[in-house]
Each structure stands twice: as C-alpha cells, then as structure tokens.
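Heavy-atom basis, side chains included; hydrogens, waters and symmetry copies ignored. If you're wondering where the values come from, they're calculated on a predicted model, not measured in any experiment.
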Amino acid sequence: MVVIATTAVPDHVRGALTRWMTEPAPGLYVGTMSAKVRDELWYAVAASVADGAAVCLYPADNEQRYAIRTAGQRRRRPIDFDGLTLVAFQGLDEQNGKTGQ
C-alpha cells in the first residue's frame, strides 16, 4: 500500500494521483501499485509541487517496514538515525532560513 499526502499542490498533480489512487480525504491518496509505477508517480509529484508539499509512505525492507519520501517545504523532515527514520521538527526561523539572532 502506498500513501501520499499533499498540501497546496497544482490541480494537475491531484489529477495524476487520482488516476492511480483513491482520495479518501482532501490531499490524502491511497493505493496499491508496483514499485515502478510508485516511483514514476512520485517523480512527477515531486517535480510539480511548486510552493506546495508532498510526503509519500510505502513498504520497504527495513526495520520499520516502511520508507518516507518528501518534496517541497515542510516543517517536519525525515532523518536517518542509525537505520531508523525519525522526524525532525524545524522551527519557523529554521524553515525560513533565519538564525534567530
């Protein structure tokens, strides 16, 4: 199962996602597809997010049994911590490139 969540993406991205996936809630897409289709769909989404953002979760052969990909500006950023994916939360100043001084 593949899950993609989007925020403020162009309409054509939403249209592309609904060709392959179901949208049970606004901006949330769920579907089952091959890894090749998932990767091609993700590359199209990541290249088109513009000022929006997207996150993709899919099954993987690791300790957590899933992997995370992100595109666009998000306050939450996945980081690798000794083989585990954790989520780092950035403050507004960090996200906007300010040092807070």
Side-chain angles (χ1 to χ4, degrees):
M1 178 181 291
V2 178
V3 177
I4 297 178
T6 62
T7 304
V9 295
D11 288 341
H12 68 90
V13 173
R14 297 181 68 186
L17 287 168
T18 57
R19 287 185 192 103
W20 293 95
M21 306 174 87
T22 303
E23 187 179 13
L28 180 67
Y29 302 88
V30 180
T32 303
M33 62 199 71
S34 70
K36 182 173 177 58
V37 171
R38 177 199 68 220
D39 291 343
E40 291 298 323
L41 188 58
W42 178 250
Y43 295 138
V45 169
S48 303
V49 294
D51 292 331
V55 62
C56 176
L57 291 95
Y58 60 93
D61 190 23
N62 61 22
E63 190 69 28
Q64 292 171 300
R65 312 302 290 167
Y66 65 88
I68 301 173
R69 292 180 181 169
T70 61
Q73 295 296 319
R74 302 189 71 89
R75 290 187 67 192
R76 291 172 176 86
R77 185 174 40 92
I79 57 170
D80 183 278
F81 185 77
D82 289 337
L84 294 176
T85 301
L86 302 177
V87 177
F89 190 76
Q90 295 177 310
L92 289 175
D93 290 340
E94 291 175 282
Q95 186 178 8
N96 295 328
K98 298 177 183 175
T99 61
Q101 296 176 356

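- Contact check for Val55 versus Arg76: no side-chain heavy atoms found under the 4.5 Å cut-off.
- Met1 and Thr32 get closest at one heavy-atom pair: CA-OG1, 4.2 Å.
- With sequence neighbours left out, Asp61 forms a side-chain hydrogen bond (donor to acceptor under 3.5 Å, both in side chains) with Arg65.
- Closest approach of Ala16 and Leu41 over heavy atoms only: O-CD1, 4.0 Å.
- Using a 4.5 Å cut-off on side-chain heavy atoms (C-beta onward), Val49 and Val13 make no contact.
- Nearest heavy-atom pair across Met33 and Trp20 is CE-O, 4.2 Å.
- Closest approach of Ala53 and Val9 over heavy atoms only: O-CG1, 3.8 Å.
- Every pair passing side chain to side chain donor-acceptor pair (under 3.5 Å) that includes a residue from residues 38-57 is listed here, sequence neighbours excluded: Asp39-Arg69.
- Distance CG/Leu86 to CD1/Ile79: 5.5 Å, rounded to 0.5 Å.
- Without hydrogens or angle criteria, Arg75 side chain to Phe89 main chain gives no donor-acceptor distance under 3.5 Å.
- Checked against salt bridge (charged side-chain N to carboxylate O under 4.0 Å, His left out), Arg77 has no partners two or more places apart in sequence or in another chain.
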### Task
Output, in order, the C-alpha distance, side-chain angles, deciding distance and verdict of side chain to side chain contact (heavy atoms under 4.5 Å, CB included) for Leu17 and Glu23.
CA-CA 8 Å; Leu17 287 168; Glu23 187 179 13; over 6 Å; no
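- Note: the hydrophobic cluster containing Tyr58 does not contain Tyr66 (ILVMFWY, side chain heavy atoms under 4.5 Å, direct or indirect links).
- Nearest approach of Thr70 to Pro78, heavy atoms of both residues: CG2-CD, 3.7 Å.
- Within a 6.0 Å radius of CG in Asp80, other residues, nucleotides and ligands contribute more than 12 heavy atoms.
- When hydrophobic clusters are built by joining Ile, Leu, Val, Met, Phe, Trp and Tyr residues whose side-chain heavy atoms come closer than 4.5 Å, directly or via intermediates, Val37 is grouped together with Val45.
- Proximity of a side-chain donor or acceptor of Gln64 to a complementary backbone N or O of Thr85 within less than 3.5 Å is detected.
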